[in-house]
Participant: 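Pasting a structure below so you can have a look.
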Protein chains: 2
Amino acid sequence: MRSKGDQVRHLIVETANRLFYEGGYNHTSFTDIVDATDVQRGNIYYYFKTKDDILRAVIDHRLEVITDMLNSWSREEKDPRIRLINFARMLLENANDLARFGCPMGTINAELGKGQRDLQRITRAMFDTFRGWLVSQYRQLGANSRLADELAMETLARAQGITMVAHVYEDVDTIKREIPKFEAWLRRTTETLK
Amino acid sequence: MRSKGDQVRHLIVETANRLFYEGGYNHTSFTDIVDATDVQRGNIYYYFKTKDDILRAVIDHRLEVITDMLNSWSREEKDPRIRLINFARMLLENANDLARFGCPMGTINAELGKGQRDLQRITRAMFDTFRGWLVSQYRQLGANSRLADELAMETLARAQGITMVAHVYEDVDTIKREIPKFEAWLRRTTETLK
DNA sequence: GTCTATAAGAAGATAGAC
DNA sequence: GTCTATCTTCTTATAGAC
């Protein structure tokens, strides 16, 4: 059972999460958060000392969601090769949002990588989580630790590249066209490992 | 011979170009431009009505630089397959900046793709320029227009993905490791076209 | 815990002297 | 063409009543 305060705090985090994704971090103002949550300025500051603190809470929240998702993939599918295919399919399932707003991890890293490195490092943790999971899959397929990390980075790069180009052109079809090629590459790559 | 006014205008554009790349568009203030150029506020407004106008001039400038570069590649190398390799090598040559600040086209598109779509469309022209050039190369290698565009988009996606991941981790080595694979893919792909 | 009112500063943009 | 001074608006953040 969640207390009233926790509910309000959660509402602020979930709303800020969406606003930061759709409108960027710097471009989203406190007023935007007030308007979208119906929680007044002063009250938001009761829960978070600064806007940066809201970002930290948002990233913590995203990390939980990502971790839960990766754990459920690992739980429900035993074959790492199919797990990796699921990773690619995730892009297809979110194709509409990705084309409109870009990758939730990539875009905020790109935004904060300019002049706000302290904040970028916080958001980088999302990449670390995926990277670690990917490394684990490739390791299970027999790759040594160096190769597994290299393949994990290449996998991340493929996903980022497809998403970036689709976002630039706000074009869902780019994702639909590129994901099958991405999957084919994953199959070829994991095949040679076995 | 460039007039005094043109020189000042050019100084503003080149400085803003660098600041927008290194610090992002929204995060770079008028004061930053004043400090970096030693041109006073009022005088900058003599040359540009708004900050958006400066962005437009910056993008126009970048488009000229990109076009000149692509033209010189086309002039100096007759084989489209080697021209495409040159495209990949460009990333290697700029590896340090790419790791620190990301792709000059990709990051600004990602930033402005959130809530500032009008401005994003301006920056998209940089992608259009590369895309058109890449299409032309693949066409010369025998690809039909649909395939050429698909390969152009995939080529852009590869470059964007590598750059993005390298920027997230501020890691030059990622670029050094991935570009040879990118080149190998280009060779394989152009080989099957001939 | 929640709210209103407001402070303090930075942003983009303008007016007008020189 | 160049400059200083200033306006307006928006930003994050705080004070203090309830």
Participant: Taking the six-membered ring of B:F20 as reference, does the cationic atom of B:R62 (NZ for Lys, CZ for Arg) lie under 6.0 Å from its centre and within 45° of its axis?
Facilitator: no
Participant: Less than 4.5 Å apart, any side-chain heavy atom of A:H167 and any of B:Q160?
Facilitator: no
Participant: By side-chain contact (heavy atoms from CB on, under 4.5 Å), which residues pair with A:V13, not counting sequence neighbours?
Facilitator: A:F48, A:A57, A:V58, A:H61
Participant: How close or far is atom P of C:dA13 from atom CG of B:D32, stated in whole angstroms?
Facilitator: 14 Å
Participant: What I want to find out is whether B:R188 reaches B:E191 closely enough, with some N-O distance under 4.0 Å, to be called a salt bridge.
Facilitator: no
Participant: Tell me whether the OP1 or OP2 atom of C:dA11 has a side-chain N or O from B:S29 closer than 4.0 Å.
Facilitator: yes
Participant: Take the protein atom CG of A:D38 and the nucleotide atom C1' of C:dT2, then report the distance between them rounded to whole Å.
Facilitator: 13 Å
Participant: Would you mind reading off the distance between B:L11 atom CG and D:dT2 atom P, rounded to a whole angstrom?
Facilitator: 11 Å
Participant: In whole Å, I'd like the distance from the CG atom of B:L55 to the C1' atom of C:dA11.
Facilitator: 17 Å
Participant: Expressed as a whole number of angstroms, how long is the span from B:D53:CG to C:dG12:P?
Facilitator: 14 Å
Participant: Report yes if at least one side-chain N or O of B:N43 is closer than 4.0 Å to OP1 or OP2 of D:dG1; otherwise report no.
Facilitator: no
Participant: Measure the distance from CG on A:D6 to P on C:dT2 and round it to the nearest whole Å.
Facilitator: 11 Å
Participant: Find which nucleotide of DNA chain D each of B:Q40 and B:G5 is nearest to by heavy atoms, and output the residue with the more 5' nucleotide.
Facilitator: B:G5
Participant: Counting the atoms with a prime plus P, OP1 and OP2 as sugar-phosphate, which does A:T28 contact under 4.0 Å by heavy atoms, base, sugar-phosphate, or nothing?
Facilitator: sugar-phosphate
Participant: How close or far is atom P of C:dT2 from atom CZ of A:R9, stated in whole angstroms?
Facilitator: 13 Å
Participant: To the nearest angstrom, how far is B:N26 atom CG from D:dC10 atom P?
Facilitator: 15 Å
Participant: Within the sub-3.5 Å range, which N or O atoms of nucleotides 13-15 of chain D have a protein N or O partner, and how far apart are they?
Facilitator:
| unit_1 | atom_1 | unit_2 | atom_2 | d |
| --- | --- | --- | --- | --- |
| D:dA13 | OP2 | A:K51 | N | 2.9 |
| D:dA13 | N7 | A:Y45 | OH | 3.3 |
| D:dA13 | N6 | A:R41 | NE | 2.8 |

Participant: Taking the six-membered ring for Trp, are B:F87 and B:W73 parallel (under 30°), tilted (30 to 60°) or perpendicular (over 60°)?
Facilitator: perpendicular
Participant: Out of C:dT2, D:dG1, C:dA11, which has the shortest distance to the side chain of A:V8?
Facilitator: C:dT2
Participant: Restricting to side-chain contact (heavy atoms from CB on, under 4.5 Å), what partner residues turn up for A:T129, sequence neighbours left out?
Facilitator: A:L63, A:I66, A:T67, A:L70
Participant: Verify the distance criterion only: is there a donor paired with an acceptor across the side chains of A:T123 and A:Y25 at less than 3.5 Å?
Facilitator: no
